[in-house]
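First the structure, in the form of structure tokens, and then the observations on it.
Reminder, nothing fancy here: chain letters follow the sequence lines and each chain counts from 1.
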Amino acid sequence: MKGRLFTIAALLTVALAFPALAQKKYDPGASDKEIKVGNTNPYSGPASAYGAIGKSIAAYFRMVNDRGGINGRKLNFISYDDGYSPPKTVEMARKLVEQDQVGTPSNTAIHKYMNAKKVPQLFVATGATKWNDAKSFPWTMGWQPNYQTEARIYARHILQTKPNAKIAVLYQNDDYGKDYLKGFEDGLGPQAQKMIVAKASYEVSEPTVDSQILQLKSSGADVFFNITTPKFAAQAIRAAYDSGWKPTHYLNNVSNSVGSVLKPAGIEKAVGIITSAYVKDPTDKRWANDPGMKAWRDFMAKYNPDGDTSDPFNVYGYTVAATLEQVLKQCGDTLTRENVMKQAASLKRFRIDTLLPGITISTGPSDYAPIEAMQLERFNGHEFELFGEVISNEQ
Amino acid sequence: MSKKLVTVTILLIVLACVLPLVLTNYRTFQATLVLVYAIALLGLNILTGYNGQISLGHGAFYAIGAYAAAMLMDQAGMPYWATIPIAGAVCLVIGFLFGLPALRLEGLYLALATFALAVSMPPILKAHFLEKWTGGVQGIVIVKPDPPAWLAAAGVKLSADQWLYYFVLAIAIVLFIAGWNLISGRVGRALVAIRDHHTAAEAMGINSAIYKSLAFGVSAMYTGIAGALGAIAVQFVAPDSFTVFLSITFLVGIVVGGLASLSGALHGALFIQFVPNIADELSKAAPWAVFGVFLIGFVYLMPTGVAGALRALTRRRSSGKLLHPKEALP
Amino acid sequence: MEAVLLQVLAGLATGGIYASLALALVMIYQATHLVNFAQGEMAMFATYIAWSLVNAGVGYWPAFLLTVLIAFVLGVLIERVVIRPVENAPVLAVVVVFIGLLVILNSVAGWIFTYTIKSFPSPFPPALGIRYMSPHQVGALLVTLIVLALLYLFFRFTPLGLAMRAAAQNPVSSRLVGIRVGWMLALGWGLAAAVGAVAGMMVAPIVYLDPNMMSGILLYAFAAALLGGIDSPGGAVVGGLVVGVLENLLGAFVIGNELKLVVALVLIVGVLLVRPSGFFGSVQVSRV
Amino acid sequence: MTALLEVADLRASYGATRVLHGIEFSLGERSITAVLGANGAGKTTTLRALCGMVRTEGEIRFAGQRIAGRRTEDIARLGIAHVPDGRGTFLYLTTEENLRLGAYARKDKRAVARDVERMYAYFPRLKERRRQQAGTLSGGEQQMLAVSRALMLAPKLLLLDEPSFGLAPLVVRELFGILRAINAESGVSMLLVEQNAAMALELADHACVIETGRVVIAGTAAELKRDDGVRRAYLGY
């Protein structure tokens, strides 16, 4: 493969509202043996927390390079700050494609554009459902189970266990929150109107959600679906408990970390919370001696020492990067855009040890949702206990 | 306008015209954004620099312009060029109306009122009863305009980015000339008089209420046009593009560029477009920290903005003396 | 009816948060006649210092006092090192320096302490709680009121407090009576930073500590401070409580959560149109 | 006469514009010196230069110390009080707070309290207004407050910049009477810049005339009153 440069952009615009993509491009003009992977990520601004994902991906690729790269090629990871702002993301995406020659990243702002340009965008770091639409956007692929899928799993569980539930929903007023809400309402089906007795939204700029919790409580609901990011999730758990409201509490996967959500909220206040998972929680004692998480901890110590080992985003980034590594391995020496996309769409029961037992990554030409399985779990005051089957959702 | 200034301006315009021919499409796109920001900053400068009314809310007018263009294109199927004057007119009216009550507010309180406007914009754009038109939290994706057919017919081949750049450049030139006329004429003198000597201006028979509201309207119009152009360039509008940070960025732009200076708008636009990128290049760990250091550094070195520093430089060269603003007559 | 009472009390609790930061804003305004946009981030940073101390095994109250002291010194240093060189620059240039400070502090905090939320201890005994308010919410409100009282006494009855007010109002005359105006400004920054640190340590147990903890609150505090009258500490506290309660009631019973902030702000601006100097402010020319 | 203040070759400028071109005069302890001159001659600037409020060159000695180039607040602490042009009142503070501020640099609390009462004795109207915002006082009251505030410093030298400006003749007479009494009582020296030359010369024992930034005549008040030029230009007869 001498005399060829393969540039690949894995653009992981890591944000709930402005999700990320990975993509690649074949460039026959150059003569280097490296693979460029591009990414935009908020390192500044209100969503800087997601910066951890970009940093752990970069760290993972350093590790891959130390091991000799992929099929003899080094990974060159180029990551830009998009400040969580659509105009900046567009600009940085174009910079990656047109200036750094890595391909085009994408988020909502350039979703259409990217597909028009036929640049693969892999593993958008969000659960927004629109990233798994193989038909309309064949060059874009998400990664995690999408929000609607997850919400449907909860809805189904409620219908099974508590068909007469009166449900209250708290959601963040943006496309992440609305996506969950839609999946949840769809999952409840015709019952939704009747069962959901109260909905309250909040803006990320609000200091607390105490007022919303009181509103929901006074609706008399006995089930609470909590669609919030970590800080607000912790507030909501605490406020619900302190107000004496004891509903069956469903918490979205985004905020199911023991160390960075349940502990701050107060462990005793989180008992009984039901959520779903597909990656291992770095702060959950269950995985203290787990080999997969041990490998991750070693990785953190060596390649990402500044990273917070209680931050699930660091596991997330690690696992996404590992998925991309696998795709690139499968590509062998045919690093064209088409092949990268083809290989991304032919992952077969691929496993990474930071995923929960039983969860694998599979894709196909019409299946653009790599992880579609989750398992419900309930918090027992010490750790999450998985229960029921691994639920593989076919939409 | 001095002869030298005319020369410099013409040179700049020529340079601006040649630019996309030598730049990549991506750089051209960045240059387009610089022009867009320059128009927005010129608008804010008319209000804050020349008329002394502080606005922490111009991001809201930018948003209104952007959404006006996006909604007209997306839902009314209007061609992109036709949305520009409408976006401008809408902002002119809204700005003027906002300026009327704002007359009663001075300094900090005006800052609060405009700040409130900026803070209110994203929730309003997300509001469920407007979702049909605004697209709610998802926003609106719009298509980048292609160069018109008559250009191709005439044998001029331009990429979409180049065409958009020239389109924005033409509008920017028109708006800057109009702005220069406004500022250097009767209206401009009245605005400055109101800023510096409010009571005296009233005594001279300047109706400050009308002028101040007018300044608000014109200022909002400029920023709204910039918003419309920005939306077309970025091809996307969403509520979270227009947070209060955008307004603060504009304020930073006019201060760093130079208050009460036309060229300051351009300097400021270059700053807010490129300095964050430089900061990002320098540090992934804390890009904002680098940006903040740049910001403070600029203010230290050029307290009257880039335009002020350039003015002082040319003055020193011509007169051999540097006036200390501190020592001005009391 | 109980729902209304609950919302009012919850509003008082969040209003107390706004009030505490608004107090810091008023402090610095009294000393310098400027509104410091970096105030929230300074408070956030101080809270991280307290958090580090507590984590290092220092007891709560020693850590509290130490943090207030460190914040005071840092505030003085910031004035001397960062603000002093732009003393004579146009007002808006100084505002831009504040914005620079804001982004630096926010970014550096994220860099050092990461963006994961941290819980922060509350020093108040459970006995302080009343039926609808947690011990910490009650305690935080009390602390805010105590700080307010201390500030009132300081400004009203001590020569230093008087000199600080004078220096902000009329620096030229102040120099003529022998007041070291530069140090008064630095002192004002120090005090504001100390008040901010208290605010941060009272807020953090409620909203959790993260680098963006104060960015949302600053907005409310700004509105609260202006509503009460930017030069009136008492007004700032009342303003904060009014904003907190108003927002909750609007959100829960009138227009829903989506637009509650918008309507609250419109109401505040409306009030200011009728009473341009706020509820308790004295009428005077103000600079930003 | 022992010189309390000696000024030699004092120059000062605003930006590029030089206003003082080498002022020279001296002032004795317990004396009152009037400075006369037309508008723009440099009288106010001279006072400002003494207090370090403008950048200066030249020599200023006060009570034996060189004070040129020192900071205003340090000069004040040496015992020079200044009633500036425009009075410099803290408009949003109360009358009493203004007085207390005047004594800010003093440490002797009891003496300060005594001096507050002394000021109220000189100006009983201030006592009536002690809790009122100074901005609400009448022009005459504000001038009294300004003078009292300056005296609260317990200065060795009091600089007065047009204390009669904007006041009714009766009020001016009262004010000048009190100034004379204070001078006699506490021995504070005064440097008085005045448009109202007749009154100034009546109060002062010495005087000088400044024209375009230079002292053109100096002498005792009686000498200047007799000088034909001064009479024509400043006394109007």
Could you look at C:V172 and say if it's the side chain, the backbone, both or neither that has a heavy atom under 4.5 Å from chain B? neither
Residues forming a side-chain contact (heavy atoms from CB on, under 4.5 Å) with B:A307, sequence neighbours excluded: B:S261, B:S263, B:H267
Specify which of C:V108, C:L226, C:V96 makes the most heavy-atom pairs with chain B at under 4.5 Å. C:L226
Could you walk me through whether C:L92 and B:L251 pass side chain to side chain contact (heavy atoms under 4.5 Å, CB included), step by step? CA-CA 8 Å; C:L92 276 174; B:L251 195 68; 4.2 Å; yes
Applying a criterion of heavy atom separation less than 4.5 Å, what residues of residues 97-106 of chain C form contacts with chain B? C:V97, C:I99, C:G100, C:L101, C:V103, C:I104, C:N106
Please classify the contact between C:V269 and chain B as side chain, backbone, both or neither, with a heavy-atom cut-off of under 4.5 Å. side chain
Can you say whether C:L261 sits under 4.5 Å from chain B via the side chain, the backbone, both, or neither, judging by heavy atoms? side chain
Part of B:L56 lying under 4.5 Å from any heavy atom of chain C: side chain
Between B:Y300 and C:V82 (side chain of the first, backbone of the second, donor and acceptor by atom type, cut-off under 3.5 Å), is there such a pair? yes
Is B:I124 in contact with chain C via its backbone, its side chain, both, or neither, using a 4.5 Å heavy-atom distance? both
Part of B:F115 within contact of chain C (heavy atom distance under 4.5 Å): side chain
Which heavy atom in C:E258 sits nearest to a heavy atom in B:H128, and how many Å separate them? OE1-ND1, 2.7 Å
With a 4.5 angstrom heavy-atom cut-off, is it the side chain or the backbone of B:V290 that approaches chain C, or both, or neither? neither
Please state whether the side chain, the backbone, both or neither of B:T48 comes within less than 4.5 Å of a heavy atom of chain C. side chain
Checking C:L272 against chain B: side chain, backbone, both or neither under 4.5 Å from a heavy atom? both
Tell me whether C:W51 at atom CH2 has more than 12 heavy atoms from other residues, nucleotides or ligands lying less than 6.0 Å away. yes
Taking only residues two or more places apart in sequence, or in another chain, which ones meet C:V76 in a side-chain contact (heavy atoms from CB on, under 4.5 Å)? C:F72, C:R80, C:W183, C:A186
Could you pull out the closest heavy-atom pair between B:Y109 and C:G229, with the gap in Å? OH-CA, 4.0 Å
Got a sec, which residues hit side-chain contact (heavy atoms from CB on, under 4.5 Å) with B:L246, two or more places apart in sequence or on another chain? B:Y62, B:F242, B:F250
Looking at every heavy atom in both B:P303 and C:A93, which two are closest together, and how far apart are they? O-CB, 3.8 Å
Part of B:L112 lying under 4.5 Å from any heavy atom of chain C: both
